[in-house]
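As the structure is a prediction and not an experimental result, all values here were calculated from the model.
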Amino acid sequence: MPNAQRRFRIDKVALSAVALGILSLLSLPVLTVRASRLSAGEPLFLREVAGLPSIMLLCAGWGILLLHVNHRHHSRGWSRRAQLAAVLMVLGTLLLLGEWASSLIPPDRPYTRVSIASGGWLQLAAGVVFVFSACTRLGNDRACLFLKGMLAAGVVLLFLSGAMEGLSIMRELANKEARFLAELRRHLALVGGAVSAGTTVGVPLGILVQRRPRFRRVVLPAVHLVQTVPSLALFGLFMTPLALAAAAWPLLRSLNVGGIGWAPAFLALALYSLLPIVRNTYAAFDSVPPFLKQAGRGMGMNVVQLFGRVEVPLALPVVLAGVRTSAVQAVGNTAVAALIGAGGLGSFIFQGLGEAAPDLILLGALPIILLAVLVDRGMQLATRLVSPRVRPGGE
């Protein structure tokens, strides 16, 4: 009976992804065509933009993935081949969307805009979900990391090669390349500065509340309270004090400190980053086993040596996990800072909302999502590198 249950086990997440991909392929528009950037769009289904070979190729790809979902043995070799097929499906779908978009732009109407519609986005998302679901089930080993890297590198190469230049989002990027790079630098500077400031203040604060319980009753509720304030409201709270300070001290004006701009955004983002860092630092140092501290004292370590050689190495992975949470959170919150003149990628989002230009919104939103994923993975890797190595058998 256990063998039979194992044999007929179905990966429900992968099955849902395949069902979503097939549904979007057959019933939803894959592209939207507009006569100009701001005009109403006309949705186009797969049968209207693709030839029979392309349709058969996509159907065959989803059929292969469906066979994996219903495969009886779920061998690792079969799963690897299915993962590779899913990666190729995502890259092939993206390439086809770019080619179809280019073919839909008449030479005599260069202002025509072609965007990916709901069906195209869902097919891409379903393929990515399939890859990550298989990696989770197989343990995220080196082969999974290679396939994820292959997927990311393939997407980057497709965009850099010019194969996607027919899509409206690429035209928006071409028209605003200089501004995009400037706003990206501002976004990264705000995120990096705020998280660095939050780490500089939050780690000592977390150690303090762990060492001095009387401060815990004040500091922890305070950083929790900051987290409950909406981001736009917190930005607004700093506008008047900073405007008055800039009016009183010319030095602040020379540093572009004022009621709007980078200064209120920086302060608000730094405060937002405190809670995960303070909480994780407190929990990390509080969870260091007392017997290890006693062993260190027995070896003749003083307080500084005990802190640097015993407590910090054990607490550092948990502290970095808090910094990781703060950094990912800051990437998203910085988008709102565009409303108070701080710049960043959020400026494209709000400009697109004001002009009813979906591709301009995506020009700001997609890089923010990508940055959040990269920051999360980078901090995850850093946490693994500093985590204590435990040998098999407890040796």
Where is the tightest heavy-atom contact between L58 and T93, given as atom of each residue plus distance?
CD2-OG1, 3.6 Å

For W62 versus L25, what's the shortest heavy-atom pair and its separation?
CD1-CD2, 4.0 Å

Atom of R171, atom of I105 and distance for their closest heavy-atom approach
NH2-CD1, 3.2 Å

Write out all pairs satisfying salt bridge (charged side-chain N to carboxylate O under 4.0 Å, His left out) with one or both partners inside residues 312-325, taking only residues at least two apart or from two chains.
R324-D376

In the single-linkage hydrophobic clustering (I, L, V, M, F, W, Y; side-chain heavy atoms under 4.5 Å), do V386 and V375 co-cluster?
yes

Shortest non-hydrogen pair, G308 vs P313, comes out as O-CD, 3.4 Å

Aromatic Y282 / basic R279 pairing, under 6.0 angstrom, 45° off normal:
no

Could R34 and Y111 be counted as a cation-pi pair, given that NZ or CZ must be under 6.0 Å from the ring centre and within 45° of the axis?
no

Under-4.0 Å salt bridge between R179 and E172:
no

With hydrophobic residues grouped by side-chain heavy-atom distances under 4.5 Å, do L370 and L91 end up in a single group?
no

With sequence neighbours excluded, residues passing ring-ring contact (aromatic ring centres under 6.0 Å, His included) with F285:
F307

Among V223, V195, N333, which residue satisfies the side-chain contact (heavy atoms from CB on, under 4.5 Å) criterion with Y272?
N333

Shared hydrophobic cluster, L28 / L362 (ILVMFWY, side-chain heavy atoms < 4.5 Å)
no

Please check: side-chain N/O of R186 versus main-chain N/O of G343, any donor-acceptor pairing under 3.5 Å?
no

For residues L26 and I55: do they belong to one hydrophobic cluster (side chain heavy atoms under 4.5 Å, members Ile, Leu, Val, Met, Phe, Trp, Tyr)?
yes

Step by step, work out the side-chain contact (heavy atoms from CB on, under 4.5 Å) result for L104 and V49.
CA-CA 8 Å; L104 291 172; V49 297; 4.1 Å; yes

